[in-house]
Amino acid sequence: MSEPEGFVPPPYPYDRLAELVSMAEALPGGAVDLSIGTPCDPPPAVVVEALAASGAERGYPPSVGTAPFRTAAAGWLERRFGVSVDPDLVAACVGTKEFVAGVPHWLRLRTPSRDTVLYPEISYPSYAMGATLAGCRAVPYGSLDGIDPADSARALCLWVNCPGNPAGELSDLAAAADWGRAHGVPVLSDECYIEFTWQGPPRTIVSAGVEGVLAVHSLSKRSNLAGMRAGFYTGDPDLVRYLSEVRKHAGFMVPGPVQAAAVAAFGDDAHVDHQRGVYQRRLSVLADLLAALDVVCPQPAGAFYLWAPAPGGDAWGLAKRLAAEAGVVTSPGEFYGPAGAGHVRIAAVQPDERLDLAARRLGVSAGDVPHAHPAST
Ligand SMILES: Cc1ncc(COP(=O)(O)O)c(C=O)c1O
């Protein structure tokens, strides 16, 4: 085979953590991996039962989602966030990462004169990767006001993420929707952490109307179902219809049993209310752990990560200390863009006893903080 002339996938961020992992593994009790935001707590039993009992294995599932799936997703938005969307404007995705990574390609097919994806300068890496995979320009922005008009004129879409990964910030989604309408740019709002909003009420962009916007939601974080791969998008009728037609042609389908299980997950809030307490307790333990290294880290406004300022801006240095002294594997902030290079992201995704082990390694007593009760399964 000759040398490739085009795209060569860059190293996957988390594959760059091997050295941190071996440092942490060397401690008795092994590594406490807080690098990837993968939930560790059990999903509700009612979901697992629905998955097993759906009888939906034989036939092809609808790409856009079954009527019960779409109705359950719309019902969840209404019940939890007070927004009413037409279930016909809800469309399923196979978890949201594939949608995030694929949408620039589909938008570009429709509007070939545009070639730019705008995304927050410190953010989930798939926004930029989606642009790259579509052969588009990935252009980070610091604030809506700071976006170069030459970039907005070329933009296929603008991403917002609220609460944000990695820093947990909340954004003014109505302002983003207004910006998009004023500039003729679709605004895509990734709201997968919406249930884990700690400051004020949860926010969804569709509260500002559906014109020109999409809200993108996932069950991965809400219901500890990252292994099931279920999410949806909703919003602007024209965008939803276009994208769901393209995705039907391409064969994107959430498996039938997963769609049935998702209906059960969207219908249950008790497990989410419990999970919120679990994350808050863990975030507090992790802040104590950082304090033992003289790092003062604020609690996030949302999501389940600490975004820790590294002493002297040396994120790899802090990540190495955390690995060597606490046995904790974390993600250096450069994974989320050059503007994040002075921070470390720490995900609250290990059971309490593993976090307590890490805290004890630094001489922190975690006993003062009450343990969350294990989720009922
Ligand atoms: C901001 C953000 N969006 C999307 C995703 C993808 O989630 P999923 O594909 O499991 O729905 C993640 C996962 O970490 C995320 O942090």
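In each ligand, atom 1 is the first atom listed, and ligand 1 is the first ligand listed. The figures here come from the full heavy-atom set of this structure, side chains too, leaving out hydrogens, waters and symmetry mates. In this text, all values refer to a predicted model and were calculated from it rather than measured experimentally.
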Novice: Among residues two or more places apart or on two chains, list those pairs meeting ring pair (Phe, Tyr, Trp, His ring centres under 6.0 Å) that have a residue in residues 80-102.
Specialist: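 Only W76-F81, F99-Y233 qualify under ring pair (Phe, Tyr, Trp, His ring centres under 6.0 Å).
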Novice: Are side-chain N/O atoms of D190 and Y127 paired as donor and acceptor at under 3.5 Å?
Specialist: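 Distance-only check passes for D190 and Y127.
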Novice: Can you tell me which residue pairs pass the salt bridge (Lys or Arg N to Asp or Glu O under 4.0 Å) test with a partner in residues 130-148, sequence neighbours excluded?
Specialist: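 Residue pairs with at least one partner in residues 130-148: R137-D151.
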Novice: Quick test of your reading: applying side-chain hydrogen bond (donor to acceptor under 3.5 Å, both in side chains), list the pairs with at least one residue in residues 198-210, sequence neighbours left out, ordered by first then second residue.
Specialist: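 Every side-chain hydrogen bond (donor to acceptor under 3.5 Å, both in side chains) pair that includes a residue of residues 198-210, provided the two are not neighbours, is E191-T204.
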Novice: Do the rings of W106 and F252 sit parallel, tilted or perpendicular, given the 30° and 60° boundaries?
Specialist: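 The arrangement is perpendicular - the two ring planes meet at more than 60°.
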Novice: Does OH in Y60 sit with more than 12 non-hydrogen atoms of other residues, nucleotides or ligands closer than 6.0 Å?
Specialist: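 Atom OH in Y60 is not packed in, count stays at 12 or less.
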Novice: For ligand 1, list all ligand N or O to protein N or O distances below 3.5 Å, rounded to 0.1 Å.
Specialist:
unit_1, atom_1, unit_2, atom_2, d
ligand 1, 3 (N), D190, OD2, 2.6
ligand 1, 7 (O), T96, OG1, 3.4
ligand 1, 9 (O), T96, N, 3.1
ligand 1, 9 (O), K97, N, 2.8
ligand 1, 9 (O), R229, NH2, 2.7
ligand 1, 10 (O), S220, OG, 2.5
ligand 1, 10 (O), R229, NH1, 2.8
ligand 1, 11 (O), T96, N, 2.8
ligand 1, 11 (O), T96, OG1, 2.7
ligand 1, 11 (O), S218, OG, 2.7
ligand 1, 11 (O), S220, OG, 3.4
ligand 1, 14 (O), K221, NZ, 2.7
ligand 1, 16 (O), N165, ND2, 2.7
ligand 1, 16 (O), Y193, OH, 2.7

